[in-house]
Every structure is written in structure tokens, then in C-alpha cells.
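What follows is a short report on a single structure.
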Amino acid sequence: MRERALRALRAHVPELADVAVTELGRGLDNTAFLAGGLVLRVAEAATVRREAALLDALAGRVSLPVPAVRFADAETGVLAYPLLPGRPLLGRSAPAALAGPMGWFLRELHAIEPADVLGLVPVEDADPAEWLEDLDGPPELLDRLHTGVPAPAPRRVLAHADLGAEHILERDGTVTGVIDWTDAAVTDPALDFARLYRDFGADFLAAVLDAYGGPTDPAFGERVVFFARCAALEDIAYGVPEYVRAAQRFLSVDANVGDDLAGGAWAWDT
């Protein structure tokens, strides 16, 4: 991965060829490096091409910062963009002031016509039943998930689809970036709220929804809670300590509030 990043750097920004390259972090399908203020995300070539085109399509259409592509090298599978300020919210509480901008951002994102990103992102049903395949965890929670599978969403929107704390940058109470658009898809809008609930709780999510304009359909809350619980179990299986701790904290709180939310505790008309 590092060698691929270095090759792309030498080809596109030769003036940075001799700077130190340090690893920023890694996910299931990519590794990010930093070189002289430039983020180099190494992934599959096709993923890099699509994500670069998507970021270009988002430019000027959403009110929160997203990466501005410096170059996308399909040969090495490297996407480069200037480092955004702030640091990820993973392991931290989200300041209450972030909820309004997050809700408005999601309203803008979900309003983009799927036809505008045709070929840049997949179209996915996000069928809740498919999320249970190979999912492991406490038997009691798995039983609840298997016996309460919600129906798929009645509509699809352009969604980030992995909007967790690790992909939201913050500094001084302001969102300074929404990063890692690898999983973006035309899919269930509930996916973009599930990880906000998982990582920041029901009160923060309610404030986001106030700014967004409320749930998108009557079964919205049920799907948000279902996806949040599945995502928490996936993080525990992933095994990275910081993710595991955050997921375990969520599940301990969700046990007391999640069923109320799934049952329609959000009182907007839909």
C-alpha cells in the first residue's frame, strides 16, 4: 500500500516525493497515508475512479466540506486530496451544535437526483434481512434482530451509507469534513442516520432529524435502530479496540431506548 502511494505521489506531485509518508489509518478496503498535507487513500482502482467522480459531483452541492480531489490515479489506486482540518469524532461525544448542520447536509445530499450520479455509485436495496447474513453477537440481541426484521425502504436516495463518527471531522464545535465516500450508494436514507444514532445517541439524532425535516416514511425509526444494532455488532467483530468500546457503549444504552425509537418515538408526520 505504501509503495503504491509513493508511486502515485512521485508521478503527480514530484515536489513531495521526498517528504515523509505516514499512515493515517485503515479500513476494510483502503489505507490512508499523509504526505506533506496531502491525504493519499489507497484502494481498488475502480473504487478510486468512482469516488473521485462522486466528490467532484458533490462539490458546491452540500454545505459541509468534503474532500477536494487533487488527483485520482487509477493505475496505483490512489485518491489524493488536501488534508481537511479537525479530527474524527470516533470515541468522542458530538457537540450539540453539530446536529443542525448535519441534518441540513443530509437534506441536501438526499435531494440530489440519483440520475446525477448514475454510474458513480451502486443502487442498493439495503434489504434489512441481508444484513443478518453471517452476523454474530449476543444470542438475545441476534434473536431480537431476526424476529424483528423491518421491510426495505420505500424510496432510495444518494447516501453516504457509512456516516459514522470516524468519518466526521470536527474542530472547535464545527464539522470540518465528511470523509470516506467509498460506500456511497443510492439506497435507504435510514442508513445515514443509523450510525449517527449508534455513535451519538437518540437526543443527537432527534436534533439532526429536526434540521432534516423528520423521518422519511412511517417505518423509518424501525430501520434506523435495526441498522444501528447491526453496525454495532459488525464493529465488535471488526475487533479494533476503539470501535469495539464505542459499539459496546451503544448497545448498553440502546437496550433501554432503542425499542421505543423503533416503535415510533419520533412524532413527525410522514
Side-chain angles (χ1 to χ4, degrees), residues 24-25 27 30 32 34 37-41 51-52 54-70 79-112 117 121 157-185 187-216 220 224 227-228 231-232 235 242-243 245-247 249-250 266:
L24 280 177
N30 68 84
L34 181 65
L38 202 62
V39 176
L40 307 167
R41 287 186 62 241
E51 186 170 357
L54 175 63
L55 291 170
D56 286 342
L58 292 176
R61 303 180 70 172
V62 291
S63 52
L64 293 180
V66 299
V69 178
R70 175 73 177 271
L79 173 68
Y81 58 85
L83 179 69
L84 290 165
R87 62 190 182 96
L89 282 167
L90 181 63
R92 302 191 286 145
S93 298
L98 269 57
M102 287 300 306
W104 188 253
F105 163 79
L106 288 176
R107 184 184 181 97
E108 296 165 332
L109 179 65
H110 294 176
I112 294 173
V117 292
V121 297
V157 301
L158 173 61
H160 181 284
D162 194 15
L163 195 59
E166 67 273 23
H167 297 146
I168 302 171
L169 306 180
E170 177 272 343
R171 186 172 71 180
D172 298 330
T174 299
V175 178
T176 57
V178 178
I179 61 172
D180 197 345
W181 290 78
T182 303
D183 293 318
T187 187
D188 186 345
L191 289 176
D192 275 346
F193 298 90
R195 288 175 175 81
L196 296 180
Y197 168 50
R198 179 197 67 184
D199 293 339
F200 308 125
D203 290 342
F204 184 83
L205 179 57
V208 172
L209 281 165
D210 272 330
Y212 182 82
T216 62
F220 170 85
V224 167
F227 288 137
D235 274 1
E242 196 168 12
Y243 288 79
R245 288 193 295 269
R249 283 195 300 270
F250 160 72
W266 291 308

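A heavy-atom distance below 4.5 Å is not found between the side chains of Leu89 and Asp199. For the pair Leu58 and Ile112, the minimum side-chain heavy-atom distance is below 4.5 Å. Using a 4.5 Å heavy-atom threshold, the side chains of Pro215 and Phe193 count as separate. Using a 4.5 Å heavy-atom cutoff, the side chains of Leu196 and Ile168 are in contact. Side chains of Leu106 and Leu163 form a contact here, defined as non-hydrogen atoms less than 4.5 Å apart. Between Thr182 and Arg41, the closest side-chain pair of non-hydrogen atoms falls below 4.5 Å. Using a 4.5 Å cut-off on side-chain heavy atoms (C-beta onward), Val224 and Leu205 make contact.
Proximity of a side-chain donor or acceptor of His160 to a complementary backbone N or O of Asp180 within less than 3.5 Å is detected. With hydrogens and angles disregarded, no donor-acceptor distance shorter than 3.5 Å links the side chain of Glu51 to the backbone of Leu79. At distances below 3.5 Å, not a single donor-acceptor pair connects side-chain atoms of Asp162 with backbone N or O atoms of Asp183. Looking only at distances, no side-chain donor or acceptor of Glu166 sits under 3.5 Å from a matching main-chain atom of Leu90.
Distance check: Leu34 CG to Leu40 CG gives 7.5 Å after rounding to the nearest 0.5 Å. Rounded to the nearest 0.5 Å, atoms CG (Leu169) and OG1 (Thr174) are 12.0 Å apart. Taking CG of Leu191 as the reference point, atom CZ of Phe227 lies at 4.5 Å (rounded to 0.5 Å). The distance from the CE atom of Met102 to the CZ atom of Phe204 is 6.5 Å, given to the nearest 0.5 Å.
Screening Arg198, Arg195, Arg249 against Asp235 for a salt bridge (Lys or Arg N to Asp or Glu O under 4.0 Å) leaves a single residue, Arg198.
When all heavy atoms of Ala232 and Ala247 are compared, the closest pair comes out as O-CB, 3.4 Å. Across Ala228 and Tyr197, no two heavy atoms sit closer than the pair CB-CD2, 3.6 Å. The heavy-atom pair separating Leu98 from Gly173 by the smallest distance is CD1-O, 3.0 Å. Contact record, Gly213 with Arg107: CA-NH1, 3.9 Å, taken as the closest heavy-atom pair. Nearest heavy atom pair, residue Val175 against residue Pro65, reads O-CD, 4.0 Å. Looking at every heavy atom in both residues, Ala190 comes nearest to Phe220 through CA-CE1, 3.8 Å.
Counting non-hydrogen atoms of other residues, nucleotides and ligands closer than 6.0 Å to CG of Asp56 gives a total above 12. No more than 12 heavy atoms of other residues, nucleotides or ligands shown are found within 6.0 angstrom of CZ on Arg87.
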